[in-house]
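Since the model is a prediction, treat every value here as computed from it, not as a measurement.
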Amino acid sequence: GAERYFTRWYKPDVKGRPCEDFCVLQHSNRRICVITLAEAHPLLRSGKTIKNINYQISANCSRLQNKVSGKSKRTCLFIFQMQGAQFLTELAPLCRISSSDGEEYTIYSCIRGRLIEVNENILSNPALLQEKPSTEGYIAVVLPKFEESKSITQGLLTQKEYEEVLLKRRGSAS
């Protein structure tokens with residue numbers, strides 16, 4: 001389903017951190033975007049074990065406290081009527097993930113918009129994040145403002161452009 005209905009966009013080396021890449025899955029006929037880890041993210045390629053996922057961003061901000069209300073919020077047909085969703089900038093942290101080797105990774109939104117939901121299933125089953133990052137292991141769902149929906153992919157890479165980045169990385173590593 002993800003390949004059929006979603007276009008993949010990539011944000012490599014977020015905040016200058018090598019290989020900390022994210023993927024934004026943009027739905028084909030709606031503005032909705034799903035934030036996931038890109039294939040080259042260290043949590044996916046290094047065989048690391050996830051120890052903890054924390055949606056508590058600061059003392060006053062928990063993504064788990066995001067409460068969206070409005071007509072048809074689940075189907076996103078009338079999502080413009082929603083209220084209470086947290087607004088995110090491109091570099092707004094969504095969660096922090098700790099691995100068993102002591103590394104901590106901050107996962108960022110990569111796009112501007114309203115936080116529709118976070119994936120609470122990965123809290124009880126963190127392996128989903130690594131086993132099915134584009135489906136059940138997603139991080140969050142974000143809805144860009146209608147007037148920004150066409151421009152949200154500026155600064156993101158297409159699948160082909162991202163593959164070129166990965167080839168360059170491999171070339172410089174050898």
Quick one: does [X]'s side chain get under 4.5 Å of [Y]'s, heavy atoms only?
X: Phe22; Y: Tyr108; value: yes
X: Gln56; Y: Ser62; value: yes
X: Trp9; Y: Thr158; value: yes
X: Thr153; Y: Gln26; value: yes
X: Leu88; Y: Val142; value: yes
X: Val118; Y: Cys95; value: no
X: Ile35; Y: Ile111; value: yes
X: Cys23; Y: Leu25; value: yes

Hey, is the main chain of [Y] close enough, under 3.5 Å, to the side chain of [X] for a donor-acceptor pair?
X: Asn119; Y: Glu136; answer: yes
X: Ser58; Y: Cys61; answer: yes
X: Glu131; Y: Leu128; answer: no
X: Arg114; Y: Ala85; answer: yes
X: Glu20; Y: Pro42; answer: no

Interatomic spacing from [atom1] in [X] to [atom2] in [Y] - rounded to 0.5 Å:
X: Lys51; Y: Glu103; atom1: NZ; atom2: CD; result: 12.0 Å
X: Asp13; Y: Cys19; atom1: CG; atom2: SG; result: 6.5 Å
X: Arg63; Y: Asn54; atom1: CZ; atom2: CG; result: 11.5 Å
X: Gln130; Y: Asn125; atom1: CD; atom2: CG; result: 10.5 Å
X: Leu156; Y: Cys33; atom1: CG; atom2: SG; result: 8.5 Å

Short side-chain donor-acceptor distance under 3.5 Å, Glu117 and Tyr138:
yes

Can a side-chain donor-acceptor contact be found between Arg8 and Ser134 if the only test is distance below 3.5 angstrom?
yes

Quick one: which of Arg17, Arg96, His41, Lys48 gives a side chain to side chain donor-acceptor pair (under 3.5 Å) with Tyr105?
Lys48

Can you hop from [X] to [Y] via hydrophobic side chains spaced under 4.5 Å?
X: Leu37; Y: Leu91; result: yes
X: Ile53; Y: Val14; result: yes
X: Leu157; Y: Leu166; result: yes

Please enumerate all residues that pass ring-ring contact (aromatic ring centres under 6.0 Å, His included) together with Tyr55, with sequence neighbours excluded.
none

Stepwise side-chain contact (heavy atoms from CB on, under 4.5 Å) test for Leu123 and Leu64:
CA-CA 11 Å; Leu123 296 174; Leu64 291 172; 4.1 Å; yes

Are Asn52 and Ile50 close enough, and set up right, to give a side-chain contact (heavy atoms from CB on, under 4.5 Å), and what steps lead you there?
CA-CA 6 Å; Asn52 183 42; Ile50 295 174; over 6 Å; no

Nearest heavy-atom contact between Val24 and Ser109 is CG2-O, 4.5 Å

Is it true that Lys11 and Asp21 make a salt bridge, defined as a side-chain N closer than 4.0 Å to a carboxylate O?
no

Report the C-alpha distance between Cys110 and Glu90 in whole Å, list the side-chain angles of each, state the deciding distance to 0.1 Å, and finish with yes or no for side-chain contact (heavy atoms from CB on, under 4.5 Å).
CA-CA 4 Å; Cys110 300; Glu90 294 92 340; 5.9 Å; no

Taking the six-membered ring for Trp, are Phe6 and His27 parallel (under 30°), tilted (30 to 60°) or perpendicular (over 60°)?
perpendicular

Test of understanding: with salt bridge (Lys or Arg N to Asp or Glu O under 4.0 Å), list the residues that count as partners of Arg45, not counting sequence neighbours.
none

Candidate pair Ile97 and Leu129, rule side-chain contact (heavy atoms from CB on, under 4.5 Å), full reasoning
CA-CA 10 Å; Ile97 301 174; Leu129 192 66; 3.3 Å; yes

Is atom CG of Asp101 surrounded by more than 12 heavy atoms (other residues, nucleotides or ligands) closer than 6.0 Å?
yes

